[in-house]
Amino acid sequence: QVQLVESGGGLVQPGGSLRLSCAASGSIFRFNTMGWYRQAPGKARELVARISSIGITNYLESVKGRFTISRDNAKNTVYLQMNSLKPEDTAVYYCNVFPGRNAYWGQGTQVTVSS
């Protein structure tokens with residue numbers, strides 16, 4: 001199975017920031033739109049942000065202005081800078097291609113926003 005390794009999650013207070021990283025294999029990264037997804041307890045997984053191979057971005061409405069997705073094609077890495085975090089951002093965050101491919105889902109990285 002193709003490995004997508006998420007990192008950077010943790011426990012932060014409301015208003016804090018985190019930067020998530022996702023290291024991907026070049027074969028799936030270079031020419032694909034990449035996305036960050038999240039799944040909160042009791043809720044369905046949702047797309048948070050995506051970025052095309054040429055840098056076109058799209059965001060979930062609730063994170064616009066707070067989150068920034070970026071990619072470094074040379075490093076086969078996609079990032080999610082999360083600022084002004086809210087408790088409702090608490091979730092396991094996953095990276096994947098967009099649209100998500102079932103075989104690529106990994107373990108994700110836990111983001112917990114709590115005081």
Side-chain angles (χ1 to χ4, degrees):
Q1 188 171 0
V2 175
Q3 193 73 225
L4 292 166
V5 181
E6 302 96 340
S7 62
L11 173 64
V12 296
Q13 294 185 332
S17 297
L18 285 172
R19 188 180 73 156
L20 308 183
S21 298
C22 174
S25 65
S27 62
I28 65 169
F29 185 91
R30 183 65 181 88
F31 299 108
N32 279 307
T33 295
M34 299 296 298
W36 281 100
Y37 304 76
R38 69 186 181 188
Q39 186 166 24
K43 305 193 74 174
R45 183 158 52 205
E46 63 184 350
L47 177 68
V48 177
R50 67 177 194 254
I51 182 167
S52 77
S53 62
I54 59 171
I56 299 171
T57 59
N58 184 271
Y59 297 92
L60 183 67
E61 187 67 28
S62 62
V63 310
K64 286 182 178 178
R66 300 189 297 119
F67 291 10
T68 303
I69 188 170
S70 61
R71 66 193 292 161
D72 185 335
N73 290 339
K75 296 181 179 179
N76 297 330
T77 301
V78 60
Y79 305 94
L80 186 68
Q81 178 67 46
M82 305 186 295
N83 299 325
S84 302
L85 283 161
K86 304 174 180 180
E88 51 263 46
D89 295 318
T90 296
V92 178
Y93 284 71
Y94 304 86
C95 64
N96 205 328
V97 295
F98 179 83
R101 298 178 186 174
N102 287 337
Y104 294 174
W105 295 115
Q107 293 186 328
T109 186
Q110 176 72 50
V111 172
T112 302
V113 185
S114 176
S115 59

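What you see is a predicted model; the values in this text were computed from it and never measured.
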Got a second to check how far N96's CG is from Y37's OH, nearest 0.5 Å?
5.5 Å
Could you walk me through whether N32 and R101 pass the side-chain contact (heavy atoms from CB on, under 4.5 Å) check?
CA-CA 12 Å; N32 279 307; R101 298 178 186 174; 3.6 Å; yes
Is any side-chain heavy atom of S25 closer than 4.5 Å to a side-chain heavy atom of Q3?
no
Mind checking whether F67 and L60 have side chains closer than 4.5 Å, heavy atoms only?
no
Do M34 and V97 come close enough that some side-chain heavy atom pair is under 4.5 Å?
yes
Which atom of L80 lies closest to which atom of A49, heavy atoms considered:
CD1-CB, 4.2 Å
Could you measure the distance from the CG atom of N73 to the CZ atom of R30? Nearest 0.5 Å is fine.
4.5 Å
What are the two closest non-hydrogen atoms of L85 and L18, and how far apart are they?
CD1-N, 3.9 Å
Distance check, rounded to the nearest 0.5 Å: F98 atom CZ versus I51 atom CD1?
13.5 Å
State, with a plain yes or no, whether a side-chain heavy atom of E6 is found less than 4.5 Å away from one of Y93.
no
So, does Y94 use its side chain to make a donor-acceptor pair with the main chain of R45 at under 3.5 Å?
no
Does the D72 side chain pair with the main chain of A74, one donor and one acceptor, at a distance under 3.5 Å?
yes
If you define the side chain from C-beta out and look only at heavy atoms, does anything of M82 sit under 4.5 Å from V113?
no
Could you tell me whether a side-chain N or O of R71 sits under 3.5 Å from a main-chain N or O of S52, the two making a donor and an acceptor?
yes
List the atom of Q110, the atom of A91, and the distance in Å for their closest heavy-atom pair.
NE2-O, 3.4 Å
Under 3.5 Å donor-acceptor, Y59 side chain and G65 backbone:
no
Side-chain heavy atoms of T33 within contact of N58, under 4.5 Å
no
Residue pair S115 / P14: nearest heavy atoms and the distance that separates them
N-CD, 3.7 Å
Smallest separation among heavy atoms of V63 and D89, with atom names:
CG1-OD1, 4.5 Å
Rounded distance (nearest 0.5 Å) linking atom OH of Y104 with atom CG of L4:
8.0 Å
Heavy-atom nearest pair, V12 first then S17, reads CG1-O, 3.9 Å
